[in-house]
Enquirer: 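Below is the structure I would like to discuss, written out as structure tokens.
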Amino acid sequence: MQRLSVEEQSAMLDEEVRKYVQRGYRVESRTATTAQMLKPKKFSFFWAFVWFLLFGVGVLVYLFYYWSKRDETAYLEVSETGRVSAS
């Protein structure tokens, strides 16, 4: 297999990062062949209001759910052979 240059790997990573940014992620750190992405959790006033209307104190359930959620992270890496992996 042919090995890619760092510039080619970086171009492939740029394309993958662009896809993640479109899905709401942001770049936390970046090298020529790797990127750490983060998608922050979002508070939904709609669901908080629905829980409040349906259950009164149910908004507390939603708040506990929101506080327990974590931001989504993704680690992208491009190998020398051009394979992009995400974990």
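We use all heavy atoms of the structure for the numbers below, so side chains are in, but hydrogens, waters and symmetry mates are not.
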Enquirer: How long is the straight-line distance from CG of Leu76 back to OG1 of Thr33, given to the nearest 0.5 Å?
Expert: 11.0 Å
Enquirer: Taking all non-hydrogen atoms of both residues into account, name the closest pair between Arg30 and Ser10 and its distance.
Expert: NH2-OG, 3.2 Å
Enquirer: Give, for atom OG of Ser44 and atom OH of Tyr65, the distance between the pair rounded to the nearest 0.5 Å.
Expert: 9.5 Å
Enquirer: Do other residues, nucleotides or ligands put more than 12 heavy atoms under 6.0 Å from Arg70 CZ?
Expert: no
Enquirer: Tell me if the centroids of the rings in Tyr62 and Phe45 come within less than 6.0 Å of each other.
Expert: no
Enquirer: Look only at the side chain of Glu16 and the backbone of Leu13, and say whether a donor-acceptor pair between them is shorter than 3.5 Å.
Expert: no
Enquirer: Under 3.5 Å, is there a donor-acceptor pair between the side chain of Lys41 and the main chain of Lys69?
Expert: yes
Enquirer: Would you indicate whether Tyr66, at its atom OH, is surrounded by more than 12 heavy atoms from other residues, nucleotides or ligands within a distance under 6.0 Å?
Expert: yes
Enquirer: Going by the side-chain contact (heavy atoms from CB on, under 4.5 Å) test, name the single residue among Glu77, Glu15, Lys19, Met12 that passes it with Val84.
Expert: Met12
Enquirer: Supply the atom-to-atom distance Ser68 OG to Leu63 CG, rounded to the nearest 0.5 angstrom.
Expert: 10.5 Å
Enquirer: Between atom CZ of Arg23 and atom CE of Met37, what is the distance when rounded to the nearest 0.5 Å?
Expert: 9.0 Å
Enquirer: For Val78, is there any backbone N or O sitting under 3.5 Å from a side-chain donor or acceptor partner on Gln9?
Expert: yes
Enquirer: Considering all heavy atoms of both residues, which atom of Gly24 and which atom of Pro40 are nearest to each other, and what is their separation?
Expert: O-CD, 4.1 Å
Enquirer: For Asp71, is there any backbone N or O sitting under 3.5 Å from a side-chain donor or acceptor partner on Lys39?
Expert: no
Enquirer: For Leu4 versus Gly82, what's the shortest heavy-atom pair and its separation?
Expert: CD1-CA, 3.3 Å
Enquirer: Are the side chains of Val61 and Phe64 in touch, meaning some heavy atoms are under 4.5 Å apart?
Expert: no
Enquirer: Can you sort out the partners of Tyr25 under side-chain hydrogen bond (donor to acceptor under 3.5 Å, both in side chains), two or more places apart, ordered by chain and number?
Expert: Glu72
